[in-house]
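By convention in this document, chain letters (A, B, ...) are assigned in the order of the sequence lines, proteins followed by strands, and residues within each chain are numbered from 1. Because only heavy atoms are used, hydrogens play no part in the values below, and waters and symmetry mates are left out as well, while side chains stay in.
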Amino acid sequence: MKPSTVPASTPSLRQSSGRYLQTKWKGLIIAVPYLWLVLFFLIPFFIVIKISLAESIIASPPFSSLLNWTEDGALQLSLLFDNYAYLWEDELYYKTYLNSIKVAFICTLICLFIGYPMAYGIVRATPTQRNILLILVILPFWTSFLLRVYAWMGILADQGTLNNLLIWFGLIDEPIRMLYTPFAVYLGIIYSYLPFMILPLYANIEKLDMNLLEAAAALGAKPLITFLTVTLPMTLPGIIAGSLLVFIPATGEYVIPDLLGGGNSFMIGKLLYSEFNNNHDWPVAAAVAVALLILLVLPMMLYQNVQARQVGVKT
Amino acid sequence: MSTDLNDTHRPWLDPKQEPFIKIRGVTKRFGDFTAVDNVDLDIYKSELFCLLGGSGCGKSTLLRMLAGFETPTAGNIFIDGEAVANIPAYARPVNMMFQSYALFPHMTVEKNIAYGLKRDGLPKKEITRRVAEMIELVELGDFRQRKPNQLSGGQRQRVALARALVKQPKVLLLDEPLAALDKRLREHTQYELMNIQDQLGVTFIVVTHDQEEAMTLSTRIAVMDQGRFIQTGTPTEIYESPDSRFVANFIGSANIFQGHVITSTADHVVVRSAQDDTLQFTVRHSAELAQNTKVWVAVRPEKIRMLKDAPTTPGPNQLAGSVHDIGYLGRLSNYKIKLDNGKMIDVTHPNQTRPTSGRHLVDWDERVYLHWDSASAIVLTH
């Protein structure tokens with residue numbers, strides 16, 4: 001007899017018994033990380049919201065309590081939205097928000113343009129090359145993020161590695177000012193977040209059926225057209241995932257603008273820091289944080305919604 | 001497909017016919033491995049040609065070279081007189097249907113089929129018309145707005161076929177076109193594929209590992225092994241006149257007896273079995289073979305007659321043995337007969353009568369006598 005292909009939809013006995021076990025343990029396994037998130041994310045987040053609705057006072061902690069007993073023994077809840085209004089009224093805040101988004105957006109775009117060909121190249125490499133290339137992408141994580149940003153300070157400084165090298169090659173006579181410029185911030189963010197773009201893209205492009213590209217070619221599509229009509233739409237989920245992974249943390253980035261941008265860069269993370277530590281205005285700082293979160297979470301939820309609908313259509 | 005023996009249906013017999021596809025000295029090496037080894041082949045217009053072989057025999061590599069996904073290491077391929085070795089896939093008058101179908105998951109059935117026409121920059125009206133025609137041909141009218149993952153295997157296969165055919169390619173390459181379908185659907189689709197090919201007159205080149213599929217589909221078959229063609233011919237030629245033990249064993253099954261030529265005349269050869277001196281075979285054979293040539297006599301299981309009674313007159317091609325095993329397949333049964341000299345041979349018999357009280361024609365361990373006509377066996381020299 002000829003070997004016949006087994007229909008893929010038939011689950012084997014072992015698989016179905018595995019599924020039974022899965023449902024039994026599923027609840028418990030999921031509960032642990034959720035508990036963690038509730039304890040260390042959700043509750044602190046509510047505390048931050050609470051602070052953002054309080055009044056700044058000179059005390060320790062430096063904000064008023066929301067719940068007070070009045071003199072006649074009633075419980076009084078006072079919510080103060082002034083802090084949010086203040087963010088809207090003071091030019092500094094929304095300009096800084098816009099600037100953060102601009103910086104994050106440009107960095108995301110550049111990461112995409114660098115990361116996409118890299119991810120594609122890694123997928124197309126031979127298996128041994130692929131492993132080496134992937135390790136090279138992940139390798140920077142083995143060193144502390146802070147350390148790597150400090151290293152960039154050394155590279156970009158007036159008397160730093162890069163300037164010295166350029167002078168040594170005779171390309172420039174005087175050091176170019178790079179550290180404490182927007183350029184340094186962009187460079188730092190792109191450098192730090194590039195792996196977050198490459199890895200989801202790699203995971204997505206790897207799943208791309210190369211037969212599809214051949215099918216497009218057989219149907220008369222030149223390589224560029226194949227890329228635009230097949231590769232790009234098929235890898236869109238990877239592009240979106242990678243972009244979100246870069247864009248969201250880049251918007252709130254504090255260390256890079258602080259260390260590489262110096263006083264010249266206004267990004268929301270830095271503003272938040274100075275509001276909190278220098279001005280000691282915890283309620284405003286909390287409002288800045290909550291506003292930032294809403295600013296970032298809303299588009300993400302929108303995206304999730306769209307994606308969920310797409311998945312719903314598929315099944 | 002016509003069974004007419006008229007030569008318009010057998011262009012390969014006509015020396016004046018110009019082959020539509022000429023494969024000349026094509027070799028493909030991947031590092032040290034030679035996937036396709038210096039092959040020549042002519043395929044004629046409107047043929048349904050099968051490349052048949054086991055996995056790794058080079059059939060898919062040859063197909064991919066025809067499509068333009070691989071470049072030959074040496075040699076060239078001519079399609080309609082044009083050398084195509086250096087023409088990229090997208091510029092060839094060839095389309096391909098993939099084993100996995102390779103439908104674009106993000107496009108509807110309609111858009112999948114229209115894809116190739118859009119690349120040609122045809123006017124919208126023309127595209128709509130031709131897509132509609134194709135959808136009708138493959139009977140997918142109700143599914144035009146569906147995405148591939150909302151279709152069954154058979155429907156996907158038809159979309160893939162429509163997408164490949166809508167551009168009216170000169171040649172359609174099909175890589176294991178039916179492998180992903182279940183048996184019943186495969187049989188149905190086989191005939192559908194043949195009808196469509198007949199209607200459109202496109203030259204089909206099919207790669208398959210399934211010999212039954214190759215037999216029913218094709219006008220001609222090329223049996224491949226280790227990057228070379230072992231035998232090329234019509235399904236009947238390949239099955240009834242295999243020219244090597246490899247082909248005899250690969251296409252269907254065959255009982256093979258090794259032996260030496262005793263006498264060889266113009267119309268028959270007498271062979272004495274190497275295993276059993278008393279055993280002699282008479283085979284009708286046109287070629288002259290020198291005495292004592294080492295040969296193999298091959299006989300198909302269904303060409304052997306099986307009787308319960310001993311033959312009254314002894315003659316050639318007679319064997320005796322006992323039933324070792326019975327494989328009941330419903331319409332026919334496979335018997336494994338253990339000959340008196342210990343050799344096991346296969347005999348197939350149609351179950352022409354209903355077995356009464358659950359008893360088969362013959363039973364396990366029953367003594368049986370086998371015999372075949374001298375025209376039913378063949379002599380193989382390698």
Structural part of [X] lying under 4.5 Å from a heavy atom of chain A:
X	value
B/Leu103	backbone
B/Phe104	both
B/Arg64	side chain
B/Met97	neither

Flag yes if more than 12 heavy atoms outside [X] fall under 6.0 Å of its [atom1] atom; otherwise flag no.
X	atom1	answer
B/Arg29	CZ	no
B/Glu133	CD	yes
A/Phe105	CZ	no
A/Phe41	CZ	no
A/Phe145	CZ	yes
B/Phe30	CZ	yes

Shortest non-hydrogen contact from [X] toward [Y]:
X	Y	value
B/Pro105	A/Leu212	CD-CD1, 3.8 Å
B/Asn95	A/Ala218	OD1-O, 2.5 Å
A/Ala221	B/Tyr90	O-CB, 3.4 Å

Applying side-chain hydrogen bond (donor to acceptor under 3.5 Å, both in side chains) to B/Tyr115 and A/Thr229, what does each step give before you reach the verdict?
CA-CA 9 Å; B/Tyr115 188 88; A/Thr229 55; 2.5 Å; yes

When A/Ile225, A/Asp209, A/Leu236 are compared by non-hydrogen pairs under 4.5 Å with chain B, the top option
A/Ile225

Point-to-point distance, once rounded to the nearest 0.5 Å, from CD of B/Glu70 to CD of A/Glu214
7.5 Å

To the nearest 0.5 Å, atom CG of A/Leu219 lies from atom NZ of B/Lys167 at 6.0 Å

